[in-house]
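Lettering follows sequence order; numbering is per chain, from 1.
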Amino acid sequence: MYRKQTCGELRLANVGQEVTLAGWVQRVRKMGGLTFVDLRDRYGITQLVFDESEADAALCDKATHLGREYVIQVIGVVRERESKNKNIPTGDVEIVAKELNVISVSEVPPFTIEDKTDGGDDLRMQYRYLDLRRPMVRKNLELRHKLAFEVRRYLDAQNFLEVETPMLIKSTPEGARDFVVPSRMNPGQFYALPQSPQQFKQLLMVAGFDRYFQIVKCFRDEDLRADRQPEFTQIDCEMSFVEQDDVIEMFEGMMKHLFKELKGIEFDKFPRMTWEDAMKYYGSDKPDVRFGMKFVELKNMSPLRAYVQGADTSGVGQSVFPEGQFTVFDSVPYVAGINAKGCAGYTRKQIDGLTDFVKRSQIGAKGLIWVRKNDDGSLKSSIDKFYAPEVIEAICQKFEAEPGDLMLILCGEMRRTQKQLCALRLEMGQRLGFRDPSVYVPLWVIDFPLFEWDEETQRYYATHHPFTSPNPDDVPLLDTDQGKVRSWAYDCVMNGVELGGGSVRIHDSKLQEKMFELLGFTEEKAMEQFGCLINAFKYGAPPHAGLAFGLDRVVSMFAEIDSIRDTIAFPKNNQGRDVMIDAPCAIDQAQLDELQIALNLKEE
RNA sequence: GGUGCGUUAGUUCAGUUGGUUAGAAUAUCGCCCUGUCACGGCGGAGGUCACGGGUUCGAGUCCCGUACGCACCGCCA
């Protein structure tokens, strides 16, 4: 062994012991004849001291020539420090070096290996193995390890079996784009990497495995974001003989277990919200409910058929605005806003800034209307010239406005405006400091619509996937009004992030056939893509349901960071490139020949 | 596919209305320093201002294009 102790373990109790440490040189501080060296390994930092008045000159001279990130071994005696450092656990002691061996020298690293590094993201990714030496980054991976470990501990205790499913599977054109892998032994044919083990976990239920989970890599060839990687990890689960509530309770239990074990946080029962309410009050299927600022509808003339079955349609068909006074509001079906409590003091410049924010092309609002209730109770708004004071007063009543409040109002088509208002609400929540990453507020979003209408192709698509069970109460609507059908699907949402989601699956062949029919699959097409599962269901399929959590996102939430990149040891950049190993890359002609593949690159 | 921001020393950034030799911090190197731990002091070295084109007497600065990075919209059953 190159070492007998680690750099994180020595304390006052060890004073007088001879120790052998090995690690990386964090920093060298020269004080004339006295030299301090900070030695770092995974477990901490320990100070070495070389004193010319005590040790031989050659040893001390060697220490002064150490560079950052040299790997060294040192043998010495633990001594209590003359001046202690309260900032580090080993700060009471130091090692009086007797022997120093340079095991490996280092070039000067391109950035400093410290928590507050001077390196940019790009450079850190290129030298990820250096970046990973930084305790901040390593901590996230330690957290990831512990979290995955606790997931296994919880699910094992609940009788779940971890089963591996294949990575080389069959491509399906529905859903996200597949990564494909050519098959040498089957020229012209391709495997796909799984977007998720969806069909396999359902087959495991048919096989009677009853409770399955897997912490598994999934692959989607779609454009990336801070919280999206081309390969990501799911905690993938499925259970038999259960209904929606059973699954929700099981995995609410898992989340509670994780928060208790890793953060010491205990939750009451997670609240549930219907998809329709999430849209109506927050404009999002993953609302951030750390703060209120719920939408207030001032006018809603949207047709009733726009709502799913059982939705709260109170207020539909009502408007606080008299007609013929403001053509903008007259011409739209939907006007709604949020109350930014205590923001009446916003300057013209600040409101203009918010207007610019909602008019950005990503959000796409035409403009922003505001109403201010001043501290003295007087009202001022950007629509004073269109409406009588009583109308402005009526608006304030809808918002339950108090002196000092600022109401921000958008209008347009309902769903579009809800999304815009959602962006504005989150922006205001950010500005007002309501989005504290150390505050966790979970909820389940339920009652998703089973189908989504696609304007482009003029047909319905499955919101979740084609195996999702409709709510049995809504089955009659499958024939009459598909848009109103609720599904038995559920998402676990926390702080505006979708951490996971799943559904009850269809186990009845007849109902499954009907679903394929409604989604525009011919029998042949359905058999071609999902034949295996359809056939399996002919041999006795148990009722089953499941869900999957995004492990990377769960870890980033626990770590209180926005990007999932620093929860992954070797992540990819915005373009899906690994800049460290330079992948993807072109391959040899010989490899292409063997696969019988010819490239046909677009010139441009 | 689209929008926005960015690209200047190893690194992180500043650089005014377009005008002399492009600066700071940090890292690095040298000298000094015996209780530092963000050590301190003095000194040195370090630049194809991303690339290509344009406007101009003159471009790091203005315009157009390209590349790359980040964030977002579309997309992600």
Engineer: At under 4.0 Å, does any side-chain N or O of N574(A) touch on OP1 or OP2 of rA71(B)?
Structural biologist: yes

Engineer: Taking only the side-chain heavy atoms of E82(A) (C-beta and beyond), determine which of rU11(B), rG35(B), rA27(B) contains the nearest atom.
Structural biologist: rG35(B)

Engineer: Of the options rC70(B), rA38(B), rG69(B), whose atoms approach the side-chain atoms of Q575(A) most closely?
Structural biologist: rG69(B)

Engineer: With both distances kept under 3.5 Å, what pairs with rU3(B), Watson-Crick or G-U wobble?
Structural biologist: rA71(B)

Engineer: Give none if rA9(B) has no partner; otherwise give the nucleotide forming a Watson-Crick or G-U wobble pair with it, both distances under 3.5 Å.
Structural biologist: none

Engineer: If you only use heavy atoms from C-beta on, which nucleotide in rU34(B), rC37(B), rG2(B) is closest to the side chain of Q362(A)?
Structural biologist: rG2(B)

Engineer: So which nucleotide from rG69(B), rC72(B), rG10(B) ends up closest to the side chain of P110(A)?
Structural biologist: rG10(B)

Engineer: Would you jot down, in residue-number order, the residues of residues 120-138 of chain A having a non-hydrogen atom under 4.0 Å from RNA chain B?
Structural biologist: G120(A), L123(A)

Engineer: Could you please name the option among rC73(B), rC37(B), rG35(B) that lies closest to any side-chain atom of R29(A)?
Structural biologist: rC37(B)

Engineer: Report the nucleotide, chosen from rC75(B), rU3(B), rU28(B), that has the shortest atom-to-atom distance to any side-chain atom of D223(A).
Structural biologist: rC75(B)

Engineer: For K116(A) and rC13(B), give me the distance from atom NZ to atom C1', rounded to whole Å.
Structural biologist: 14 Å

Engineer: Would you indicate which nucleotide in rC72(B), rC37(B), rA27(B) comes nearest to any side-chain atom of A226(A)?
Structural biologist: rC72(B)

Engineer: For S196(A), which contact category applies under a 4.0 Å heavy-atom criterion: base, sugar-phosphate, or nothing?
Structural biologist: base

Engineer: Assign R177(A) to base, sugar-phosphate, or nothing according to its heavy-atom contacts below 4.0 angstrom with the strands shown.
Structural biologist: sugar-phosphate

Engineer: Would you mind classifying the nucleic acid contact of Y461(A) as base, sugar-phosphate or nothing, using non-hydrogen atoms under 4.0 angstrom?
Structural biologist: nothing

Engineer: Given rC70(B), rC73(B), rU34(B), which nucleotide is nearest the side-chain atoms of E52(A)?
Structural biologist: rU34(B)

Engineer: Paired with rA59(B): which nucleotide, if any, by Watson-Crick or G-U wobble criteria at under 3.5 Å for both distances?
Structural biologist: none

Engineer: What's the closest nucleotide to the side chain of R81(A) if the choices are rU36(B), rU28(B), rU34(B)?
Structural biologist: rU36(B)

Engineer: Any strand is fair game: report the nucleotide pairing with rC76(B) by Watson-Crick or G-U wobble, both distances under 3.5 Å, or none.
Structural biologist: none

Engineer: What is the nucleic acid contact for T35(A), judged by heavy atoms within less than 4.0 Å: base, sugar-phosphate only, or nothing?
Structural biologist: nothing

Engineer: At less than 4.0 Å, is any side-chain N or O atom of K419(A) found next to OP1 or OP2 of rG74(B)? Yes or no.
Structural biologist: yes

Engineer: Under 4.0 Å between any heavy atoms, over every strand shown, what does E94(A) touch: base, sugar-phosphate, or nothing? Just pick one.
Structural biologist: base

Engineer: Heavy atoms under 4.0 Å, any strand shown: does E452(A) hit a base, just sugar-phosphate, or nothing?
Structural biologist: nothing

Engineer: Please determine, for the side chain of D118(A), which listed nucleotide (rA71(B), rG10(B), rU28(B)) has the closest atom?
Structural biologist: rG10(B)

